[in-house]
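Below is one structure, written out as structure tokens, with a few remarks after it.
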Amino acid sequence: MGWIGETMDSIKSLQIRQVLSQAVSLGMIVTSALIIWKALMCITGSESPVVVVLSGSMEPGFKRGDILFLHMSKDPIRAGEIVVFNVDGREIPIVHRVIKVHERPDTGEVDVLTKGDNNYGDDRLLYAQGQLWLQRHHIMGRAVGFLPYVGWVTIIMTEKPIIKYILIGALGLLVITSKD
């Protein structure tokens, strides 16, 4: 009969109470993860406290697949800091180093210019058309730590969605067929 037959027999033998108990447990796990994420957002002051480096533009410092931990404080941004920013019209955040800081004399607001460590030129070509500097509202956070290679899981599941669906299906079957 094999593994598939045993799994089907296990699903058929489940009682309603068991299924509801497993559904509530799964819901609690998902809710806990969301609460932890929201708490991290509040603690770090960043809309996304954890990001994955998606390109090689920051090598050799950060490689594709590294996870960065972000923090956003009220301190002024300085040249040399690594920031994660969003550009108007693009969904994916960018991780690059601040190379110039420009203070506007009329308002005192600070604008920044960024560049990838592995890129030849600055990021003005990546910014929205006509934009020469990033304002504070574009910046999601500053890199305060990293975990190498762990982000490859995210990259693989994004680039090969079939793996993501297989993994979700396998985890779903595991939850449904567990006896506890």
request  = Enter the distance from Asp123:CG to Ile94:CD1 here, rounded to the nearest 0.5 Å.
outcome  = 6.5 Å
request  = Answer yes or no: is there a side-chain heavy-atom contact under 4.5 Å between Arg90 and Asn86?
outcome  = no
message = Can you give me the closest heavy-atom contact between Val84 and Leu70, atom names plus distance?
response = CG2-CD2, 3.5 Å
task = Indicate yes or no: at least one non-hydrogen side-chain atom of Val53 is less than 4.5 angstrom from one of Lys63.
result = no
ask   = Are Ile82 and Val95 close enough that some pair of their side-chain heavy atoms sits under 4.5 Å apart?
value = yes
ask   = Are Leu132 and Tyr127 side-chain neighbours, meaning at least one heavy-atom pair lies under 4.5 Å?
value = no
ask   = Taking everything shown except Arg104 itself, do over 12 heavy atoms lie less than 6.0 Å from its CZ?
value = yes
request  = Could you tell me the separation between the CE atom of Met140 and the OG1 atom of Thr44, rounded to the nearest 0.5 Å?
outcome  = 10.0 Å
task = Answer whether the closest heavy-atom distance between the side chains of Ser48 and Trp37 falls below 4.5 Å.
result = yes
task = Would you check if Trp152 and Arg64 make a side-chain contact, meaning some heavy-atom pair closer than 4.5 Å?
result = yes
task = Taking all heavy atoms of Ala79 and all of Ile99, pick out the closest pair and write down the distance.
result = CB-O, 4.0 Å
key: Working for side chain to side chain contact (heavy atoms under 4.5 Å, CB included), residues Arg136 and Val110   = CA-CA 7 Å; Arg136 189 163 185 96; Val110 175; over 6 Å; no
task = Considering non-hydrogen atoms only, spot the tightest contact between Leu126 and Val87 and give its length.
result = O-CG1, 3.4 Å
Close side-chain approach of Val112 to His138, heavy-atom, < 4.5 Å = no
inquiry  = Just to verify, what does Asp75 make a side-chain contact (heavy atoms from CB on, under 4.5 Å) with, not counting sequence neighbours?
reply    = Ser73, Arg142
task = Give, for atom CZ of Phe85 and atom CD1 of Ile139, the distance between the pair rounded to the nearest 0.5 Å.
result = 8.5 Å
key: Test item: Arg97 and Lys115 side chains (from C-beta on) under 4.5 Å apart, heavy atoms   = no
task = Indicate the atoms forming the closest heavy-atom contact of Leu134 with Thr114, along with that distance.
result = CD1-CG2, 3.9 Å
inquiry  = Given 3.5 Å as the limit, does a donor-acceptor pair link the side chain of Ser46 with the main chain of His71, or not?
reply    = no
